[in-house]
J.: 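Just dropping this structure here.
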Amino acid sequence: IGENIQLLVDRPDGTYCFRLHRDRVYYLSEKLLKLAASVPRESLVALGTCFGKFTKSQKFRLSVTALDFLAPYAKYKVWVKPGSEQSFLYGNHVLKSGLGRITENTAQYQGVVVYSMADVPLGFGVAAKSTQECRKVDPLAIVVFHQADVGEYVRNEDTLT
């Protein structure tokens with residue numbers, strides 16, 4: 001979301017912040033942060049909305065729980081056709097044949113938010129091809145690598161926090 005991150009922190013309904021707790025990054029209001037200060041750190045399970053976590057190799061992985069907050073501010077977007085929505089929601093990559101639209105000037109390996117044609121955010125991905133390359137590739141080529149989708153709420157119900 002680039003410089004739009006400022007819009008997540010300074011919101012009209014108050015000031016929000018990001019906090020790291022047990023290798024997970026949480027997004028919460030400062031009011032909630034002050035209330036949570038009275039809870040011992042060892043007893044705290046989760047705080048606010050989990051945006052993602054750091055892996056053991058210290059790489060950050062976005063969680064699907066951050067989708068509702070990041071989607072309105074995304075710079076790069078991809079819309080999938082109705083026939084490919086279900087495939088994406090089952091954890092598959094987006095093929096050129098399922099691509100409806102893509103934001104202009106999307107670079108290769110750029111993070112994107114995947115939308116349905118009805119502008120409903122479905123998940124995150126990484127652009128496998130740039131916008132210009134997408135016009136030339138064959139229909140079975142992968143254009144967006146799958147990272148997370150709203151289908152994970154059902155598939156990983158027991159592990160999401």
J.: Can you list the steps and then say if L8 with I1 is a side-chain contact (heavy atoms from CB on, under 4.5 Å)?
T.: CA-CA 10 Å; L8 282 177; I1 64 174; 3.7 Å; yes

J.: Report yes or no: does S63 contribute a side-chain atom to a donor-acceptor pair with the main-chain N or O of F51 at less than 3.5 Å?
T.: no

J.: Going by salt bridge (Lys or Arg N to Asp or Glu O under 4.0 Å), name the pairs with one or both residues in residues 4-16, residues two or more places apart or in two chains.
T.: R11-D13

J.: Quick one: are K53 and V25 in side-chain contact, heavy atoms under 4.5 Å?
T.: no

J.: Do you know the tightest heavy-atom contact between H21 and V45?
T.: CD2-O, 4.2 Å

J.: Show the nearest heavy-atom pair for residues M117 and G100, with the distance to one decimal.
T.: SD-CA, 4.0 Å

J.: Under 4.5 Å between side-chain heavy atoms, counting indirect links through other Ile/Leu/Val/Met/Phe/Trp/Tyr residues: same cluster for V137 and V126 or not?
T.: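 Per the 4.5 Å side-chain linkage, V137 and V126 are not co-clustered.
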
J.: Just jot down the side-chain contact (heavy atoms from CB on, under 4.5 Å) partners of S29, sequence neighbours excluded, or say none.
T.: Y16, K31, L32

J.: Under the side-chain contact (heavy atoms from CB on, under 4.5 Å) test, which residues partner L35, sequence neighbours left out?
T.: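 Result, side-chain contact (heavy atoms from CB on, under 4.5 Å) vs L35: none returned.
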
J.: Suppose we screen for ring pair (Phe, Tyr, Trp, His ring centres under 6.0 Å). Which residues come up paired with Y90, at least two apart in sequence or across chains?
T.: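 Y90 satisfies ring pair (Phe, Tyr, Trp, His ring centres under 6.0 Å) with no residue once adjacent residues are dropped.
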
J.: Nearest 0.5 Å please: distance from the OG1 atom of T49 over to the CZ atom of F18.
T.: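 With rounding to 0.5 Å, OG1 (T49) is 10.0 Å from CZ (F18).
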
J.: Working to the nearest 0.5 angstrom, can you tell me the gap between T65 OG1 and Y26 OH?
T.: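 That separation rounds to 9.0 Å.
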
J.: Do you know the tightest heavy-atom contact between L28 and G48?
T.: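 The pair with the smallest heavy-atom distance is CB-CA, 3.9 Å.
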
J.: Suppose the criterion is salt bridge (Lys or Arg N to Asp or Glu O under 4.0 Å): which pairs have a residue in residues 121-143, not counting sequence neighbours?
T.: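 Counting only pairs at least two positions apart or across chains, the salt bridge (Lys or Arg N to Asp or Glu O under 4.0 Å) contacts touching residues 121-143 are E104-R135.
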
J.: Using atom types as modelled, flag every donor-acceptor pair under 3.5 Å from a side chain in residues 144-151 to any protein atom, sequence neighbours excluded.
T.:
unit_1: H146; atom_1: NE2; unit_2: D149; atom_2: OD2; d: 2.4
unit_1: D149; atom_1: OD1; unit_2: G151; atom_2: N; d: 2.6
unit_1: D149; atom_1: OD1; unit_2: E152; atom_2: N; d: 3.4
unit_1: D149; atom_1: OD1; unit_2: R155; atom_2: NH1; d: 3.4
unit_1: D149; atom_1: OD2; unit_2: R155; atom_2: NH2; d: 3.0

J.: Please answer whether the main-chain N or O of L44 pairs with a side-chain N or O of R22 as donor and acceptor at a distance below 3.5 Å.
T.: yes

J.: Between I5 and Y27, is there shared hydrophobic-cluster membership here, with clusters defined by ILVMFWY side-chain heavy atoms closer than 4.5 Å?
T.: yes

J.: With side-chain contact (heavy atoms from CB on, under 4.5 Å) as the test, would you mind laying out the steps for I142 and V94 before giving the verdict?
T.: CA-CA 6 Å; I142 296 173; V94 177; over 6 Å; no

J.: Which residues pass the ring pair (Phe, Tyr, Trp, His ring centres under 6.0 Å) test with F60, not counting sequence neighbours?
T.: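 For F60, the residues satisfying ring pair (Phe, Tyr, Trp, His ring centres under 6.0 Å) (neighbours in sequence not counted) are F54.
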
J.: Are the side chain of T131 and the backbone of T103 linked by a donor-acceptor contact shorter than 3.5 Å?
T.: yes

J.: My understanding is that only residues two or more places apart in sequence, or in another chain, count here; which of them pass side-chain hydrogen bond (donor to acceptor under 3.5 Å, both in side chains) with T55?
T.: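 For T55, the residues satisfying side-chain hydrogen bond (donor to acceptor under 3.5 Å, both in side chains) (neighbours in sequence not counted) are S57.
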
J.: Looking at every non-hydrogen atom in both residues, tell me the closest pair between L122 and Y115 and how far apart they are.
T.: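 Smallest interatomic distance, heavy atoms only, reads CD1-C, 4.0 Å.
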
J.: With a 4.5 Å limit on heavy-atom distance, are the side chains of N105 and Q132 in contact?
T.: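 The answer is yes; the side chains approach within 4.5 Å.
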
J.: With sequence neighbours excluded, tell me which residues meet side-chain hydrogen bond (donor to acceptor under 3.5 Å, both in side chains) with S43.
T.: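 Per chain and number, S43 pairs via side-chain hydrogen bond (donor to acceptor under 3.5 Å, both in side chains) with no residue.
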
J.: Taking only residues two or more places apart in sequence or in another chain, which ones pass salt bridge (charged side-chain N to carboxylate O under 4.0 Å, His left out) with R41?
T.: none

J.: Show which side-chain atoms of residues 66-85 pair as donor or acceptor with protein atoms under 3.5 Å away, not counting sequence neighbours.
T.:
unit_1: K75; atom_1: NZ; unit_2: E3; atom_2: OE1; d: 3.4
unit_1: W79; atom_1: NE1; unit_2: D119; atom_2: OD1; d: 2.6
unit_1: K81; atom_1: NZ; unit_2: S97; atom_2: O; d: 3.4

J.: So with a 6.0 Å cut-off around CD of E30, is the heavy-atom count from everything else above 12?
T.: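 Yes - once you tally the heavy atoms of other residues, nucleotides and ligands closer than 6.0 Å, there are more than 12.
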
J.: Go through the steps for V114 and F88 under the test side-chain contact (heavy atoms from CB on, under 4.5 Å), then give the verdict.
T.: CA-CA 9 Å; V114 179; F88 181 76; 3.7 Å; yes

J.: Determine whether C134 and L99 make a side-chain contact, defined as any pair of heavy atoms from C-beta on separated by less than 4.5 Å.
T.: yes

J.: What pair of heavy atoms forms the shortest contact from L140 to L95, and how long is it?
T.: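 Here L140 and L95 meet closest at O-CD2, 3.6 Å.
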
J.: Please name all residues satisfying side-chain hydrogen bond (donor to acceptor under 3.5 Å, both in side chains) with Q108, sequence neighbours left out, ordered by chain then number.
T.: none

